[in-house]
Amino acid sequence: MDDVTAILDHMNPAQREAVSAPQGNMLVLAGAGSGKTRVLVHRIAWLMQAEGLSPYAVLGVTFTNKAAREMRTRLEALLGISLRNVWVGTFHSIAHRLLRTHWQDARLPQHFQIIDSDDQLRLVKRLLKDHRIDDERFPPRQVQSFISGCKEEGLRPHQVDAHGDAYLAQMVELYERYQLTCERGGLVDFGELLLRSLELLRDNPALLAHYQERFGHVLVDEFQDTNTLQYAWLKLLTGMKTPMTVVGDDDQSIYGWRGARIENIRRFEQEFPATRTVRLEQNYRSTSAILDAANALIRHNAGRMGKELWTEGARGEPISVYSGFNDLDEARFIVDTIREKVEEGINRREIAILYRSNAQSRVLEETLIRQGVPYRIYGGQRFYERLEIKNALAYLRLLLNRDDDASLERVINVPARGIGTRTVEVLRTRARQTEVSLWQALHDGLLDASLKGRAATAVRAFADLIERLDNDTAGLALHEIIDHVIETSGLIEHHRSEKGEKGQARVENLEELVTAAKAFTQGEAFEPPEAGEGAVALEGFLSEAALNAGDHEAEEFEDCVQLMTLHSAKGLEFPVVFIAGVEEGLFPHKMSMEEPGRLEEERRLCYVGLTRAMRKLYLTHAELRRLHGKETFQRASRFLRELPEETLEEVRLRGQISRPVTARPAVGLSRQTSVDGGGELPSLSLGQRVSHPVFGEGVILNAEGEGERARVQVSFEGEGDKWLVLGFAKLKPL
DNA sequence: GCAAGAAGACTTTTT
DNA sequence: GTCTTCTTGC
């Protein structure tokens with residue numbers, strides 16, 4: 001690229017301003033579908049070509065590996081050069097890089113291991129058991145989130161003030177013990193990566209100076225998702241002198257419950273000197289009907305930075321609102337509509353069904369299966385989080401570090417080799433009392449014969465196995481090491497003998513792990529491995545596995561309808577979008593309805609959902625829903641009422657006839673889908689309570705036909721569901 | 001040591 | 001309703 005202004009080609013004025021602003025702090029408020037990534041990438045290119053910034057002086061920070069990967073690839077495509085050594089990565093991968101490079105200054109063992117939240121939870125559980133702490137009063141998950149929460153606020157145990165509160169004091173003590181366990185095992189959790197690297201920089205002025213000097217510009221994506229620790233980290237790293245470009249959207253902040261601080265956006269504007277704020281409001285994704293609805297919805301939130309999406313594009317179709325009798329009917333409507341769309345020539349992959357909570361997917365899936373519509377679910381378990389993979393990784397971790405108690409405990413009896421809970425208990429007690437690792441305790445126990453008989457034989461066999469694996473794999477390539485370990489440890493055989501498809505899949509996954517290792521050494525991985533083989537490569541591979549848990553989306557075999565939660569839909573777009581279960585208590589979720597702040601986050605989540613749709617949006621809800629095995633009456637979500645009437649149309653039964661919404665509160669609230677049979681027949685509506693001389697009281701679920709022959713399906717208390725012909729059954733409305 | 005059965009939970013999940 | 005976790009019994 002010779003002419004730098006080419007970088008600004010085909011950009012709107014706001015985008016141009018964001019890309020070509022002179023070095024200095026800048027906040028880009030980037031609305032959904034406003035070309036955010038493009039601006040970020042072009043901004044970097046501009047800084048390099050117009051301002052002469054060296055590629056090595058760039059630090060690009062994202063939240064997900066996917067975003068980092070995309071930023072890197074697009075930048076490489078734009079500039080036409082390889083940017084392998086440029087620092088673009090997630091907060092965690094960058095912190096990791098710092099800690100690996102300066103492990104001594106960070107007071108970490110050279111071969112420290114990264115543990116994911118799953119490992120962390122196991123560790124906490126064990127801790128509670130070891131200390132005989134009531135896990136009713138201190139649920140492991142709560143303890144875990146307390147620990148992570150502290151770290152995310154940048155707090156070490158001694159910095160947490162319990163205010164004489166015994167409960168809190170216990171939590172702090174657990175945090176302290178947890179930390180001790182991690183230190184002893186050379187384990188670093190996600191929060192620790194950031195906190196430790198912050199402390200590393202804070203406590204080593206020379207190092208800090210070095211990095212502050214090195215980075216000429218720092219760019220941060222999804223700034224509304226930063227937590228307190230990440231904000232502090234950025235502040236420290238830049239010394240508030242290195243210019244920053246941060247991109248974010250306060251209206252799309254949906255991770256507050258995980259510690260993200262939406263107010264960091266405003267804080268940035270206020271605290272960092274001379275911040276220029278640019279708004280990207282032109283939307284290139286959705287029709288104006290959809291944008292109008294989204295704008296109107298989000299206007300109900302207070303304290304926004306202020307932003308209004310607009311488009312040069314067409315008005316498009318109105319948003320269709322469908323009110324089902326129950327969740328099955330809702331699903332049927334969605335799937336019927338999808339089949340119509342597919343017949344019209346739309347690809348299934350262009351259609352997404354979004355929902356608030358995972359439990360909702362079941363009914364949708366069943367309906368899709370019944371109607372033979374291929375689909376795939378985003379989310380769910382990721383590759384490196386699978387049981388068999390974690391087991392394999394645990395063996396590998398033991399090769400590098402025998403003192404990794406969590407890993408040892410994980411596989412000491414997998415596959416079963418006669419080491420029961422009893423024996424493990426003995427080892428644990430001993431380890432705790434003598435303050436050594438399980439591995440050490442195991443050897444001590446064998447030496448002084450406190451382990452004897454069958455237990456001793458089994459334990460010795462395990463110890464020998466680990467040593468043998470280590471010896472046998474010395475000098476092998478990474479994928480050969482892994483292949484050897486899963487074979488010799490008996491893991492593969494263990495899963496092969498498992499019955500059903502599950503075992504088959506697990507064997508395949510283990511084989512896939514070997515393939516992944518091959519790819520990793522060949523540099524296909526996101527974080528380029530440092531040169532090296534054997535143990536060095538293994539260490540890199542294990543870190544990569546923890547930090548980049550594998551693709552979230554299942555393999556795409558064919559053209560599939562996409563199902564996912566609203567949270568996982570963030571950042572994606574689809575021509576046709578269904579949002580299911582738009583009901584009070586579900587969306588907004590009842591757990592978030594009380595506090596205004598959390599309700600606003602639900603509204604932002606809804607805003608995110610609406611803005612995923614490019615051409616056509618459907619909002620559906622059910623009047624009766626099976627939730628946790630109980631049938632509950634549902635009211636339409638308040639969010640529906642917050643959308644402007646003129647952007648909506650109500651879809652009637654069978655999804656064929658539609659008419660504009662005329663009077664409020666027509667949308668869902670009291671939809672008079674009258675099934676009245678004329679004459680003397682009672683006027684009934686779906687969801688209405690009725691009484692029958694024989695069956696007693698019930699609720700109308702469904703209806704079909706007209707006049708005397710009309711039938712209604714009624715759910716009677718104690719009698720179950722029945723179809724009754726209106727002309728005969730003596731139903732009285734209640 | 002394992003399998004079956006009971007009991008309880010059950011919002012969202014970037015690393 | 002269904003998934004996971006824990007207990008109990010063989």
Side-chain angles (χ1 to χ4, degrees), chain A residues 61-69 89-96 114-121 125 129 135-136 139-141 144-145 148 151-152 188-194 221-222 224-227 229-230 252-260 327 354-363 366 378-382 384-385 387 413-424 454-455 458 526-527 543-550 552 564-571 581 585-593 598 601-602 604-606 608-609 625-631:
Chain A
V61 193
T62 63
F63 275 86
T64 65
N65 292 300
K66 198 175 156 200
R69 215 158 30 221
T90 62
F91 275 103
H92 292 85
S93 75
I94 288 161
H96 175 230
I114 301 170
I115 57 171
D116 63 20
S117 349
D118 193 60
D119 302 323
Q120 188 182 33
L121 184 65
K125 279 186 182 157
K129 253 202 188 111
D135 58 1
E136 303 263 286
R141 279 192 187 282
Q144 181 191 24
S145 82
S148 304
K151 291 192 180 187
E152 276 159 19
V188 174
D189 62 42
F190 290 145
E192 188 71 19
L193 281 171
L194 286 164
D221 192 17
E222 305 276 21
Q224 78 282 352
D225 290 340
T226 52
N227 61 33
L229 181 55
Q230 286 155 342
Q252 291 191 70
S253 162
I254 55 172
Y255 285 106
W257 51 276
R258 277 180 108 252
D327 42 359
L354 313 182
Y355 37 81
R356 174 67 239 264
S357 69
N358 286 307
Q360 285 170 256
S361 75
R362 211 196 78 246
V363 175
E366 284 166 0
Y378 265 58
Q381 256 210 332
R382 306 203 282 180
Y384 289 107
E385 284 168 0
L387 176 107
N413 199 35
V414 177
R417 49 174 72 88
I419 304 175
T421 39
R422 191 65 223 139
T423 310
V424 176
R454 280 220 308 233
F526 156 61
E527 277 288 303
S543 300
E544 166 79 10
L547 282 176
N548 193 359
H552 219 281
M564 70 194 80
T565 63
L566 286 146
H567 280 90
S568 20
K570 192 175 143 201
L586 196 62
F587 192 27
H589 197 275
K590 61 174 179 300
M591 310 288 270
S592 304
M593 275 170 28
R598 301 185 64 186
E601 184 155 306
E602 294 280 314
R604 291 194 291 270
L605 187 58
C606 187
V608 167
R625 180 179 296 276
R626 223 187 184 102
L627 273 175
H628 320 310
K630 264 208 200 91
E631 300 234 291

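Throughout, a chain's letter reflects where its sequence line sits, starting with A, and its residues are numbered from 1.
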(request) Mind checking salt bridge (charged side-chain N to carboxylate O under 4.0 Å, His left out) for D327(A) and listing every partner two or more places apart, or none if nothing turns up? (result) none
(request) Would you indicate what T62(A) reaches in the nucleic acid, counting non-hydrogen atoms under 4.0 angstrom: base, sugar-phosphate, or nothing? (result) nothing
(request) Can you tell me, in whole Å, how much space there is between the C1' of dT14(B) and that of dC3(C)? (result) 25 Å
(request) Go through the structure and list residues passing side chain to side chain contact (heavy atoms under 4.5 Å, CB included) with R362(A), not counting sequence neighbours. (result) E366(A)
(message) For Y384(A), give me all partners under ring-ring contact (aromatic ring centres under 6.0 Å, His included), at least two apart in sequence or on another chain.
(response) none
(request) Could you tell me which residues satisfy salt bridge (charged side-chain N to carboxylate O under 4.0 Å, His left out) with E222(A), sequence neighbours excluded, listed by chain and number? (result) K36(A), K570(A)
(message) Taking the minimum atom-to-atom distance to the side chain of Y255(A), which one of dC2(B), dT14(B), dT15(B) wins?
(response) dT14(B)
(message) Whether R604(A) and E601(A) form a salt bridge (side-chain N of Lys/Arg under 4.0 Å from carboxylate O of Asp/Glu) is what I want to check.
(response) yes
(request) Describe the nucleic acid contact of I419(A) in one word from base, sugar-phosphate, nothing, applying a heavy-atom distance below 4.0 Å. (result) sugar-phosphate
(message) Please identify the 5'-most and 3'-most nucleotides of DNA chain C with any atom under 4.0 angstrom from a heavy atom of chain A.
(response) dG1(C) to dT2(C)
(request) With sequence neighbours excluded, tell me which residues meet ring-ring contact (aromatic ring centres under 6.0 Å, His included) with Y355(A). (result) none
(request) For G418(A), report the nucleic acid contact type (base, sugar-phosphate, nothing); a contact means any heavy atom under 4.0 Å. (result) sugar-phosphate
(request) Provide the distance between the two C1' atoms, one in dT5(C) and one in dT12(B), to the nearest whole Å. (result) 22 Å
(message) Judged by each residue's nearest nucleotide on DNA chain B, which is more toward the 5′ side, T565(A) or T423(A)?
(response) T423(A)
(message) If you only use heavy atoms from C-beta on, which nucleotide in dT13(B), dC2(B), dT14(B) is closest to the side chain of A260(A)?
(response) dT14(B)
(message) For R258(A), give me all partners under salt bridge (charged side-chain N to carboxylate O under 4.0 Å, His left out), at least two apart in sequence or on another chain.
(response) none
(request) Determine if W257(A) stacks with dT12(B); use a centre-to-centre distance below 5.5 Å and an interplanar angle below 30° as the criteria. (result) yes
Pairs under 3.5 Å (N/O, protein and nucleotides 6-11 of chain B):
residue, atom, partner, partner atom, Å
dT11(B), O4', H589(A), NE2, 3.1
dT11(B), O2, R356(A), NH1, 2.7
dT11(B), O2, R356(A), NH2, 2.3
dT11(B), O4, R598(A), NH2, 2.3

(message) Taking only side-chain N and O atoms of S117(A), does any of them lie within less than 4.0 angstrom of OP1 or OP2 on dT15(B)?
(response) no
(message) H589(A): which residues meet the ring-ring contact (aromatic ring centres under 6.0 Å, His included) condition with it, sequence neighbours left out?
(response) none
(message) If the cut-off is 4.0 Å, is N548(A) near the phosphate of dT15(B), judged by side-chain N/O to OP1 or OP2?
(response) no
(request) Using a 4.0 Å heavy-atom cut-off across all strands, classify A67(A) as base, sugar-phosphate, or nothing. (result) nothing
